[in-house]
Amino acid sequence: MCGLVGCLTDRTKADSTDYDEIVHEMTRMVVHRGPDDEGYFADDNITMGFRRLSIIDLAGGHQPLSYENERYWLTFNGEIYNYVELRQQLIQEGYDFQTDSDSEVILGMYAKYQAALTTHLRGMFAFVIWDKQEKTLFAARDQFGIKPFYYAISGNDFYYASESKAIYKILKDKHFDQAALQDYLTFQYVPETETLTQEIKMLAPGCSLTKKVGAKPEIKRYYHREFRPIKRSEADYAKRIKETLIDSVKIHMRSDVPVGAFLSGGIDSSIVVAIAKQFNTNLETISVGFEREGYSELDVAAETAEKLGVDNHQFKITPAAFMAAFPHFVWSMDDPLADPAAVSQYFLSKEAVRHVKVCLTGEGADELFGGYTIYHEPESLKAFRYTKPINGALKKIATIMPEGMRGRSFLMRGTTPLEKRYVGNAFIFNEAEKQKFMKHYQTQQSFQRATEPYYEEAATYDPITKMQFIDMHTWLNGDLLHNADRTALAHSLELRTPFVDREVFNLAAEIPAELRISHGTTKYILRKAVEDIVPSHVLHRKKLGFPVPLRFWLKDEMYDWAKNIMLDSQTDQYFNKAYFLQLLEDHRNGLRDNSRKIWTVLTFMMWHKIYVESDTLLDSLAANEAANKVELF
């Protein structure tokens with residue numbers, strides 16, 4: 001696992017700009033992504049920087065790596081799980097290799113296929129290849145967006161990096177994006193490909209970018225995540241799913257260092273651990289939780305570990321530790337991510353790296369196999385198909401009902417088309433609320449603008465599949481995979497996601513909706529596929545997720561801390577802060593649960609303090625890599 005940075009310029013060496021120093025500064029901002037090694041390459045047009053976390057100990061894996069008499073130069077972040085097979089194919093066709101690394105295989109594939117190499121890669125990746133002969137940069141990001149890739153254009157210079165903070169640090173001219181802030185307040189993250197900095201963009205999943213010297217970048221999508229249902233028997237699908245998952249977990253465990261696994265009380269991580277145990281009898285598992293009843297699955301995780309015969313390391317998170325880690329967590333995320341579960345995963349990664357260097361995790365199972373409770377909604381609202389003539393009147397009645405009144409939400413959802421109500425697993429502030437407290441609210445920036453292109457692609461899907469499609473293109477990469485990458489690499493831990501795999505998705509995309517949501521349960525066919533390897537106490541257990549007791553903490557231990565962040569924040573140019581302070585007071589007094597809204601605001605305000613208000617915090621937090629100087633435990 002690595003961090004890559006660089007700059008491609010249209011200028012000449014006669015220019016006085018010190019690109020070496022700029023790229024070295026960028027590299028210092030991503031040391032946590034690769035504390036084991038660093039490397040640089042420069043010629044008349046490009047300067048490449050690299051940090052490496054050693055996972056597979058292969059001679060000659062140092063980067064930037066060259067190929068074909070130094071015509072091609074590569075920096076690569078990720079893992080190619082089918083590189084052994086690809087390498088053998090290339091050798092049979094006469095291609096030579098000086099190393100055993102997956103990095104050189106990418107170069108060999110590019111020499112043969114050029115841009116089409118991406119269609120052959122199974123893994124998680126973001127890479128840059130510089131062709132000295134053609135003076136062309138080629139970059140690509142994996143099919144699902146597991147690994148990040150940011151870029152920015154400043155005059156004649158094209159910057160790129162694994163984390164936006166590396167670009168943010170060296171940009172002289174940068175502007176805050178009000179529209180991205182408005183989206184953040186709905187989604188609890190900034191939808192890709194935007195960031196809170198207008199000049200910095202993110203390459204979308206399944207896309208490649210080509211930049212010739214003197215020309216504008218060209219972006220192409222090489223992979224489409226689509227559902228294509230095929231009728232098969234339950235038994236056939238169950239067999240195929242089990243075989244595909246076993247293959248995926250096995251190939252994700254390729255490593256020369258110990259591989260562990262996150263273990264919650266849920267079915268997804270239990271599936272991964274149950275399969276991984278078949279290939280590593282000494283598997284280490286890691287779990288975190290809270291002391292408050294109903295907000296911890298540590299007892300279930302311990303029972304699962306015992307039944308599967310694996311070691312389980314556990315840690316309980318306190319509100320004091322949560323508050324102490326918050327600044328470094330926000331710094332690590334690049335743009336603000338207000339998913340409270342992400343902070344829990346930050347601690348999970350911090351604990352895991354004490355025992356292993358690589359961990360498997362269960363992200364993606366819900367999006368691929370239909371695991372969220374809300375996917376039952378189309379069935380629960382089907383009565384409104386027969387009340388269409390009076391749905392307008394029903395909605396008017398709902399709007400005049402007091403907020404929180406029983407039945408109001410049901411009527412509102414039932415009389416609102418899916419495309420106008422569903423934006424994914426998080427919906428924090430609606431448009432009416434944002435108009436009340438945003439000083440520069442943009443009416444044309446409705447949340448539907450972000451989801452509309454995906455609904456157009458999913459126009460022929462059934463409602464359940466539409467919801468999964470939206471989550472797969474927004475929530476999965478915007479929240480879950482963003483969270484997984486940044487929280488793990490904040491502590492120099494590599495995280496691997498066997499469910500978010502090309503072969504697993506190709507099979508999951510064929511499963512009809514009635515086998516994903518069936519018999520009153522979510523992920524029906526997935527549960528059936530693993531019923532002989534997953535302990536029975538988790539097989540049909542109600543989904544708890546990764547809950548955080550913010551609702552209680554913000555009333556008690558975190559109240560003063562949260563209020564001080566709001567009062568001290570220099571964000572008055574964006575907000576009427578009195579609105580947020582009232583949300584906090586209403587929450588403390590038990591009038592309503594505003595915890596998610598408050599947390600979304602606090603996360604942005606901490607981001608603004610680190611990235612905008614302070615001249616020193618960005619650098620000081622970079623110097624405290626992996627929070628070594630922050631007392632977390």
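Position 1 is the first residue of the sequence; numbering continues from there.
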Please identify which of these residues, Gln188, Arg449, Glu194, meets the side chain to side chain contact (heavy atoms under 4.5 Å, CB included) condition with Asp183. Arg449

Between Asp462 and Thr465: side-chain donor-acceptor atoms closer than 3.5 Å: yes

Would you call the rings of Phe604 and Trp607 parallel, tilted or perpendicular, taking 30° and 60° as the class edges? parallel

Do the non-hydrogen side-chain atoms of Leu263 and Asn312 ever get within less than 4.5 Å of each other? yes

Minimum heavy-atom distance Pro340-Val548, with the two atoms named: O-CG2, 3.5 Å

Can the positive tip of Arg122 be found less than 6.0 Å from the middle of the six-membered ring of Tyr81, inside 45° of the ring normal? no

Are Tyr422 and Glu377 close enough that a side-chain donor and a side-chain acceptor fall under 3.5 Å? no

Ser248 OG to Leu360 CG distance, which is reported to the nearest 0.5 Å: 9.0 Å

Using distance alone, with no hydrogens and no angle criterion, decide if Thr304 and His537 have a side-chain donor and acceptor under 3.5 Å apart. yes

Compare every heavy atom of Val259 with every heavy atom of Val356, then report the nearest pair and how far apart it is. CG1-C, 4.3 Å

Distance from Asp593 atom CG to Ile598 atom CD1, nearest 0.5 Å? 8.0 Å

Short side-chain donor-acceptor distance under 3.5 Å, Ser409 and Arg413: yes

In a check of side chain to side chain contact (heavy atoms under 4.5 Å, CB included) between Met124 and each of Glu494, Arg141, His252, which one passes? Glu494

Would a line drawn from the ring center of Phe447 to the ring center of Phe427 be shorter than 6.0 Å? yes

In terms of the angle between their ring planes, are Phe322 and Trp599 parallel, tilted or perpendicular, with boundaries placed at 30° and 60°? tilted

Taken to the nearest 0.5 Å, the spacing of Glu297 CD from Ser269 OG works out to 8.0 Å

Quick one: closest heavy-atom pair of Pro148 and Asn77, and the distance? CD-ND2, 4.1 Å

Just by distance, no angles: are the side chains of Thr487 and Lys350 close enough, under 3.5 Å, to form a donor-acceptor pair? no

d(Thr387 OG1, Leu381 CG) to nearest 0.5 Å is 10.0 Å

No-hydrogen, no-angle side-chain donor-acceptor test under 3.5 Å, Asn282 and Glu284: no

To check you understand the geometry: which heavy-atom pair defines the closest contact between Thr416 and Arg421, and what is its length? O-NH1, 2.6 Å

Check the surroundings of atom CD in Gln448: do more than 12 heavy atoms from other residues, nucleotides or ligands lie under 6.0 Å from it? yes

What closest approach, in Å, do Ala398 and Leu411 show between heavy atoms, and which atom pair accounts for it? CB-CB, 3.7 Å

Surrounding NZ of Lys555 (heavy atoms of other residues, nucleotides or ligands, distance under 6.0 Å), is the total greater than 12? yes

Gln143 versus Leu121, closest heavy-atom pair with distance: NE2-O, 3.0 Å

If I take atom CZ from residue Phe125 and atom CG from residue Asp142, how far apart are they, to the nearest 0.5 angstrom? 5.5 Å

Nearest 0.5 Å, please: how far is CG in Asp311 from CG in Leu283? 8.5 Å

Please examine the side chains of Asp471 and Tyr375, heavy atoms only from C-beta on, and report whether any two atoms are closer than 4.5 Å. yes

Does some side-chain heavy atom of Arg527 sit less than 4.5 Å from a side-chain heavy atom of His540? yes

Decide yes or no for Arg486 and Tyr346: does some side-chain heavy atom of the first lie under 4.5 Å from some side-chain heavy atom of the second? no

Hey, can you tell me if Phe315 and Phe347 have their rings parallel, tilted or perpendicular (30° and 60° cut-offs)? parallel

Check this for me: Arg406, atom CZ, are more than 12 non-hydrogen atoms of other residues, nucleotides or ligands nearer than 6.0 Å? no

salt_bridge(Asp532, Lys242) N-O dist < 4.0 Å: yes

Taking 4.0 angstrom as the limit, do Lys231 and Glu514 come out as a salt bridge? yes

Where does the angle between the aromatic ring planes of His473 and Phe469 fall among parallel (under 30°), tilted (30 to 60°) and perpendicular (over 60°)? tilted

Looking only at the aromatic ring of each residue, does the gap between the centers of Phe505 and Phe144 stay below 6.0 angstrom? yes

Other residues, nucleotides, ligands: >12 heavy atoms within 6.0 Å of Glu531 CD: yes

